[in-house]
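Residue numbers count from 1 along this sequence. Owing to the predicted nature of the structure, the values given are computational and were not obtained by experimental measurement. Order of appearance sets the numbers: ligands from 1, and atoms from 1 within every ligand.
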Amino acid sequence: MKRILITRPMPARVVAEAETHFDVEMREENTPLKPGQMRGALALYDGILPTLGDMFSAEVFEDAEGSRCRIVANFGVGYNHIDVAAARAAGIAVTNTPGAVTDATADIAMMLILMSARRAGEGERMLRAGRWTGWNPTQMLGTHVTGKTVGIVGMGRIGQAIARRCHHGFGMEVLYYNRSAKAVDIPSRQVESIEALASEADFLVAAVPGGAETRKIIGPEVLAAMKPTAHLINIARGDVVDEAALIDALRERRISGAGLDVYEREPEVPEVLRKMENVTLLPHLGTAALEVREAMGLLAVENLRAFFAGEDPPNPVN
Ligand code: 8YV
């Protein structure tokens, strides 16, 4: 039996499935692996099932050529923590779990759009603090979502799932920016730059993969192009947005609000952001539902199973 390392505790179904195929070791800590532990794992296991935070950098793969590990099967769609080119150079395959995360992540985007627009976090904080003095006609007026314009940066699987929710659920106009042309199954319009998208959107939503190519693509220029009434939503990766520029824009009220599920240096969230009322801050809840984490884990295990059976794994990352 092939030896597999699962780098975090996982739902029981995932572990049970993995154990039907492999000799499984599961770490009990929820902390990311350290570089030395990753090098050790490459030497000791045939396959590794890592996740967010396990920084499989080029240095980690440096001496991995000819090591025991043949595949790194990531739990999660985002693999910006894995240097895929360095893995390939060491002859190690990389897979991820795209299909399993789409709807849950799109749901979180909708939640953040609604929470930010309707000031849900602020209202809850007020009530819990005993500061609610009763309903009145002008209390806590937010932004109406139905019929507004959403601007989606990155029209991949998750971007399109957000677009469908906005169109079918909220009658919104859908605009998007994407490097290549996309066949989208709802009425929508592709816009030629992120700035142009930002200038038209009531809700600008980041849904691009993380990594060097998208680092800070939502920076001062894009934020300056947004309407003062608009909200920025980020369910992608923290470093897609220039956090310092976002803080300035929010502090100076150049945009109305932001809804964030991801941060530049997770789990660190700048104190200034935590103190602002016009920001909704979630602790990377994108896929945090038992069924979804099970589906992600089962897909990662299927990638491993197929790979070692000599079949094409369903989700290779190139
Ligand atoms: C995951 C995510 O739960 O799938 C992803 O890339 O961003 C999350 O929702 C987490 O990152 C594990 O990979």
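The salt bridge (charged side-chain N to carboxylate O under 4.0 Å, His left out) pairs that include a residue from residues 28-38 are Arg27-Glu29, where partners are two or more places apart or lie in different chains. Residue pairs that meet the side-chain hydrogen bond (donor to acceptor under 3.5 Å, both in side chains) test with at least one member in residues 110-119, sequence neighbours left out, are Ser116-His231, Arg119-Glu122.
Under a 3.5 Å cut-off, the side chain of Ser256 and the backbone N or O of Ala230 do not form any donor-acceptor pair.
Using a 4.0 Å cut-off between a side-chain N of Lys or Arg and a carboxylate O of Asp or Glu, Glu17 and Arg305 do not qualify as a salt bridge.
The distance criterion of under 3.5 Å between nitrogen or oxygen atoms is met by Phe75 with respect to ligand 1. Polar contact with ligand 1: absent for Val101 (N/O pair, distance under 3.5 Å). Of the polar atoms of Asn74, none of the N or O atoms is found under 3.5 Å from an N or O of ligand 1, judged by distance alone.
At the shortest separation from atom 8 (C) of ligand 1 among protein heavy atoms lies His284 NE2, 3.4 Å. Protein heavy atom in closest approach to atom 4 (O) of ligand 1: Val77 N, 2.9 Å.
Here the options are Arg265, Lys216, Arg215, the test is salt bridge (charged side-chain N to carboxylate O under 4.0 Å, His left out), and the partner is Asp239; only Arg215 passes.
Per-residue contacts place Thr51 under 4.0 angstrom from the following atoms of ligand 1 (heavy atoms of the residue considered): 12 (C), 13 (O). Close approach to Met296 involves these atoms of ligand 1, each under 4.0 Å from a residue heavy atom: 1 (C), 3 (O). Here is the list of ligand 1 atoms found below 4.0 Å of a heavy atom in Arg293: 3 (O). Close approach to Arg237 involves these atoms of ligand 1, each under 4.0 Å from a residue heavy atom: 2 (C), 5 (C), 6 (O), 7 (O), 11 (O).
Residues Tyr177 and Val191 come closest through the heavy atom pair CD1-O, 3.6 Å. Contact detail for Pro316 and Thr95: the closest heavy-atom pair is CA-CG2, 4.0 Å.
Heavy atoms from both the backbone and the side chain of Thr287 come within less than 4.0 Å of ligand 1.
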